[in-house]
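Below: one structure, written as structure tokens.
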Amino acid sequence: MTFEDFYNELAIMAEKYGKKNVSLKLEKDLDSDIIKIFGEKITALAKAKNGLTDITELAYATAEHHPYWNILYNSSEITNTILEKWTNEISKKDIEEIEWAVKEINHTLKKIKEKF
């Protein structure tokens with residue numbers, strides 16, 4: 001049995017549930033052994049927040065000595081703030097935190113450019 005075999009069986013099961021009015025959406029990246037299952041209540045915003053969780057996890061887990069760590073970390077923090085405030089007003093404090101993160105990104109980019 002392979003991961004692709006598992007996906008194919010899962011797709012058949014999802015189709016069976018679809019016939020019972022349970023809407024499921026499968027997304028696959030079989031090269032990376034990834035399958036995502038979404039229910040009928042999934043929204044683009046919820047999907048984006050879910051995907052950002054993976055990015056944020058990488059940013060938190062990546063050692064600070066990696067040259068791109070600060071860019072990834074601060075970009076994910078900015079994106080997290082924006083997605084959390086997507087349906088609300090962004091605050092002055094949020095703007096200040098975003099500006100600080102942008103400065104951190106620019107500082108890191110400057111250090112990277114100096115190596116050229």
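- Put simply, the side chain of Ile82 reaches to within 4.5 Å of the side chain of Ile90, judged on heavy atoms.
- Tyr60 belongs to a hydrophobic cluster whose remaining members, ordered by chain and number, are Trp69, Tyr73; membership requires side-chain heavy atoms of ILVMFWY residues under 4.5 Å apart, directly or through intermediates.
- Side chains of Glu97 and Lys92 form no contact here, defined as non-hydrogen atoms less than 4.5 Å apart.
- Hydrophobic cluster membership for Leu26: Phe3, Phe6, Tyr7, Leu10, Met13, Tyr17, Val22, Leu24, Leu30, Ile35, Ile37 (Ile, Leu, Val, Met, Phe, Trp, Tyr linked by side-chain heavy atoms under 4.5 Å, directly or transitively).
- The stretch residues 34-56 participates, sequence neighbours left out, in no ring pair (Phe, Tyr, Trp, His ring centres under 6.0 Å) pair at all.
- Looking at Glu99 and Ile95, their side chains come closer than 4.5 Å, going by heavy atoms from C-beta outward.
- A side-chain donor from one of Asp29 and Ser32 sits under 3.5 Å from a side-chain acceptor of the other.
- Heavy-atom contacts from other residues, nucleotides or ligands closer than 6.0 Å to NZ of Lys49 number more than 12.
- Atom CG of Asn88 has more than 12 heavy atoms from other residues, nucleotides or ligands within 6.0 Å.
- In the hydrophobic clustering of this structure, Leu83 does not group with Ile42; members are Ile, Leu, Val, Met, Phe, Trp, Tyr whose side-chain heavy atoms approach within less than 4.5 Å, directly or through other members.
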When you look at Ile78 and Ile105, which way does the side chain to side chain contact (heavy atoms under 4.5 Å, CB included) test go after all the steps?
CA-CA 11 Å; Ile78 291 168; Ile105 292 169; 4.0 Å; yes
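- A donor-acceptor contact shorter than 3.5 Å links the side chain of Asp94 to the backbone of Ser91.
- Atom CG in Leu52 sits 14.5 Å away from atom NZ in Lys47 (nearest 0.5 Å).
- Side chain of Asp5 to backbone of Thr2: a donor-acceptor contact under 3.5 angstrom is found.
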